[in-house]
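Everything quoted here is computed from the prediction, not taken from an experiment. Below, chains carry the letters A, B, ... as their sequence lines are ordered, and counting in each starts from 1.
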There are 2 protein chains.
Amino acid sequence: MILGKQQRCAPDDVGSNSSSELCATSCNQCIARHVSMCSVLKDSEVSTISEISKCFSLHPKQLVCAEGDQANYLFTIQTGCIRLSKMLSDGRRQIIDFLFPGEFFGLACANGYTCSAETITDVNLCRMPRTQIFEKFIELPVLGQKVLDITRTELQASQDQMLLLGRKSAKEKLCSFLLSMSDKSNPISHVPDGFIYLPMSRSDIADYLGLTIETISRQFTILSKEKIISLEENHYIKIIDEDRMRLIASCA
Amino acid sequence: MILGKQQRCAPDDVGSNSSSELCATSCNQCIARHVSMCSVLKDSEVSTISEISKCFSLHPKQLVCAEGDQANYLFTIQTGCIRLSKMLSDGRRQIIDFLFPGEFFGLACANGYTCSAETITDVNLCRMPRTQIFEKFIELPVLGQKVLDITRTELQASQDQMLLLGRKSAKEKLCSFLLSMSDKSNPISHVPDGFIYLPMSRSDIADYLGLTIETISRQFTILSKEKIISLEENHYIKIIDEDRMRLIASCA
DNA sequence: CGTGCATTTGACCACCTTCAATAAAGGTGG
DNA sequence: CCACCTTTATTGAAGGTGGTCAAATGCACG
């Protein structure tokens with residue numbers, strides 16, 4: 001709809017363009033097997049998921065689905081990072097979440113997707129038809145339970161984010177963000193201890209925190225001058241004083 | 001914890017103080033029977049819920065549960081309005097949601113409640129032990145399904161709220177809020193057509209929209225001067241130009 | 001090595017906040 | 001029922017945080 005000109009890469013037209021690549025991976029070999037909702041399933045049960053799922057390989061900055069598109073699929077991330085976002089008619093954007101391996105999107109929809117999903121890095125994605133996965137919830141109650149659990153946790157995270165967006169200062173926002181990224185992305189990507197890997201651009205961070213890129217940049221500089229972080233090579237920062245960062249993040 | 005001095009009214013000490021009143025209502029007579037998660041249950045199934053639930057009557061401004069308290073119960077609202085909120089250590093508050101009859105809270109918790117819940121009006125509340133209601137999800141799969149559905153919808157709403165908090169102006173925020181309250185509260189409370197009933201204070205609205213009470217008040221005055229709304233008796237406003245309000249809310 | 005995009009930095013400005021005073025509404029006791 | 005007090009809401013003036021606009025710098029990639 002809004003992003004009409006940007007081509008979707010994973011849905012129905014998959015394989016029909018060169019931008020996405022079908023890869024034949026069975027669920028048993030799936031890298032996200034033990035961090036995704038499938039972690040509650042036995043090997044025998046996972047194989048029934050295999051039957052309804054397809055895997056794709058995507059490049060950075062590709063659109064997986066657009067806000068408003070008919071929501072036919074649920075997607076699980078195997079590798080890489082994806083951003084979920086919503087837009088206002090005049091182009092203002094709010095990034096709802098950054099997703100990492102094991103996380104899924106496309107569940108919380110009415111008819112259409114409520115968010116656009118775009119790749120930030122190279123991404124391997126697993127795609128399941130929503131109607132069929134809903135049937136699996138009944139067939140495999142543990143799966144339904146697990147999805148409810150994950151959704152509850154997501155709801156908690158989104159409540160924390162509301163607190164951040166509504167009540168924290170720019171500096172507090174950035175510190176909170178860095179700490180949450182450290183928790184979220186580090187166990188998966190292999191980042192040296194004390195470092196944070198930030199695959200997304202300043203502009204993405206800004207739209208996630210309800211700020212502008214200039215403010216993000218300035219706050220990075222300030223944190224750097226205060227020796228709380230140090231800006232290493234692009235997309236990596238080093239935490240120098242984590243205690244002080246936590247203090248600022250929880251807003252002392 | 002934070003609100004240590006404010007007495008909880010519904011949990012374990014229920015009946016032991018004069019601030020909450022136990023009322024013996026069976027689920028079959030429950031006013032929220034057909035708007036709550038129980039709406040998917042047959043009468044015979046609802047009676048098994050009766051066995052694990054208790055009902056209470058609360059006055060305005062009473063604390064039901066505090067952020068951080070051990071989360072033993074799930075609460076469903078039968079009548080009245082409740083606010084869910086989170087606080088920062090220095091007292092800044094974010095209201096996460098206003099809840100109306102049929103809605104529940106206390107699901108999205110780890111060990112402790114992630115939000116405080118306080119009554120805004122007189123409230124009738126139904127209380128169920130979380131462990132037991134989780135068992136019901138397995139026993140009555142439709143109930144688990146329904147709760148997942150509701151939680152998905154809540155997640156969508158919280159994503160809309162993130163867009164509002166992160167990217168909308170004060171005026172846009174207030175218009176969006178008024179329209180959502182009109183949708184949410186009017187079907188339940190009996191409000192004349194074209195009117196909105198706002199049980200909450202300006203301060204509550206401010207903390208919901210990430211603004212101050214002064215800004216809320218000023219924006220009300222502006223909308224009033226622009227003949228988009230008219231401020232009637234306290235807690236009621238009249239919508240004069242709904243089209244223009246929708247235009248502002250969706251940010252043309 | 002040059003082109004194009006992302007990021008940083010600076011100067012100025014606006015929206016919203018803060019502080020303060022006033023007005024209105026609500027609750028209590030005589 | 002009204003006076004009194006408390007709480008809540010409105011309005012005004014001044015200030016600050018973050019936004020806007022513009023330019024410079026850095027970095028990736030052909």
*Asks:* Using nucleotides 16-19 of chain D, report all nitrogen or oxygen pairs with the protein that are shorter than 3.5 Å.
*Replies:*
residue: D:dG18; atom: OP1; partner: A:Ala170; partner atom: N; Å: 2.7
residue: D:dG19; atom: OP2; partner: A:Thr212; partner atom: N; Å: 3.4
residue: D:dG19; atom: OP2; partner: A:Thr212; partner atom: OG1; Å: 3.2
residue: D:dG19; atom: OP2; partner: A:Thr215; partner atom: OG1; Å: 2.4

*Asks:* Can you tell me if B:Asp69 uses its side chain to pair, donor with acceptor, with the backbone of B:Ala66 under 3.5 Å?
*Replies:*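 Yes: the side chain of B:Asp69 pairs with the backbone of B:Ala66.
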
*Asks:* Return the orientation label for the A:Tyr113 and A:Phe75 ring planes: parallel under 30°, perpendicular over 60°, tilted otherwise.
*Replies:*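 Because their plane-to-plane angle lies in the 30° to 60° range, the rings of A:Tyr113 and A:Phe75 count as tilted.
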
*Asks:* Please check this pair: side chain of A:Ser85 against backbone of A:Gln94, looking for a donor-acceptor N/O pair closer than 3.5 Å.
*Replies:*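 Here the side-chain-to-backbone pair does not exist.
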
*Asks:* Check the pair B:Glu232 / B:Lys238 against salt bridge (Lys or Arg N to Asp or Glu O under 4.0 Å), numbers first and verdict last.
*Replies:* CA-CA 7 Å; B:Glu232 309 281 317; B:Lys238 187 179 176 184; 5.2 Å; no

*Asks:* Flag the pair B:Arg167 and B:Glu172 as a salt bridge only when some basic side-chain nitrogen lies within less than 4.0 angstrom of an acidic carboxylate oxygen.
*Replies:*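 Between B:Glu172 and B:Arg167 there is no salt bridge, as every charged N stays at least 4.0 Å from the carboxylate O atoms.
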
*Asks:* Could you state the atom-to-atom distance from CZ of B:Arg202 to C1' of D:dT11 in whole Å?
*Replies:*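 Value for this atom pair: 13 Å.
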
*Asks:* Taking the side chain from A:Thr79 and the backbone from A:Asn124, do they hold a donor-acceptor pair closer than 3.5 Å?
*Replies:*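 Answer holds: yes.
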
*Asks:* If you compare every side-chain N and O of A:Thr221 against the phosphate oxygens of C:dT9 (OP1, OP2), does one of them come in below 4.0 Å?
*Replies:*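 Yes, within the criterion.
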
*Asks:* Whole Å only: how far is the CD1 atom of B:Ile120 from the C1' atom of D:dT7?
*Replies:*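 Spelled out: CD1 on B:Ile120 to C1' on D:dT7 is 16 Å.
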
*Asks:* Any Lys/Arg nitrogen of B:Glu214 or B:Arg218 sitting under 4.0 Å from an Asp/Glu carboxylate oxygen of the other?
*Replies:*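 Answer for the salt bridge query: no.
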
*Asks:* Within this structure, what is the CD-to-C1' distance between B:Glu233 and D:dT8, rounded to whole angstrom?
*Replies:*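 Checked: the CD to C1' distance equals 16 Å.
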
*Asks:* Output yes when A:Asp207 and A:Arg83 qualify as a salt bridge under the 4.0 Å nitrogen-oxygen rule, no when they do not.
*Replies:*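 Salt bridge absent between A:Asp207 and A:Arg83.
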
*Asks:* Figure out the NZ/C1' separation between B:Lys173 and C:dC15, and round it to whole Å.
*Replies:*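 One finds 11 Å between C1' of C:dC15 and NZ of B:Lys173, rounded.
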
*Asks:* In whole Å, I'd like the distance from the CD1 atom of B:Ile213 to the C1' atom of C:dT17.
*Replies:*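 Distance, rounded to whole Å: 12 Å.
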
*Asks:* Over how many whole Å does the gap from A:Ile216 atom CD1 to C:dA6 atom P extend?
*Replies:*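 So the CD1-P distance, A:Ile216 to C:dA6, works out to 16 Å.
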
*Asks:* Could you go over nucleotides 22-29 of chain D and give all protein N or O partners under 3.5 Å, atom names and distances?
*Replies:*
none

*Asks:* Quick check against the 3.5 Å criterion: does A:Gln62 have a side-chain atom that pairs as donor or acceptor with the backbone of A:His59?
*Replies:*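 Pair found, side chain donor or acceptor close to backbone of A:His59.
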
*Asks:* Separation of A:Asp90 atom CG from D:dT20 atom P, in whole Å?
*Replies:*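 Atom CG in A:Asp90 sits about 11 Å away from atom P in D:dT20.
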
*Asks:* With heavy atoms under 4.0 Å as the rule, sort A:Ser217 into base, sugar-phosphate or nothing.
*Replies:*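 Since a base atom lies under 4.0 Å of A:Ser217, the category is base.
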
*Asks:* One thing to verify: whether B:Glu67 and B:Arg93 come together as a salt bridge, which I'm taking to mean a side-chain N less than 4.0 angstrom from a carboxylate O.
*Replies:*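 Answer for the salt bridge query: no.
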
*Asks:* Rounded to the Å, how far apart are A:Phe220 CZ and C:dT7 P?
*Replies:*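 After rounding, the reported distance stands at 10 Å.
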
*Asks:* Counting Watson-Crick and G-U wobble pairs only, both distances under 3.5 Å, name the nucleotide matched with C:dG30, or none.
*Replies:*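 Checking every strand shown, C:dG30 finds its partner in D:dC1, with both distances under 3.5 Å.
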
*Asks:* For B:Tyr197 together with B:Tyr236, are the ring centres under 6.0 Å from each other?
*Replies:*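 Yes; B:Tyr197 has its ring centre under 6.0 Å from that of B:Tyr236.
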
*Asks:* Between protein and nucleic acid, restricted to nucleotides 1-3 of chain C and to nitrogen or oxygen atoms under 3.5 Å apart, what atom pairs and distances do you find?
*Replies:*
none

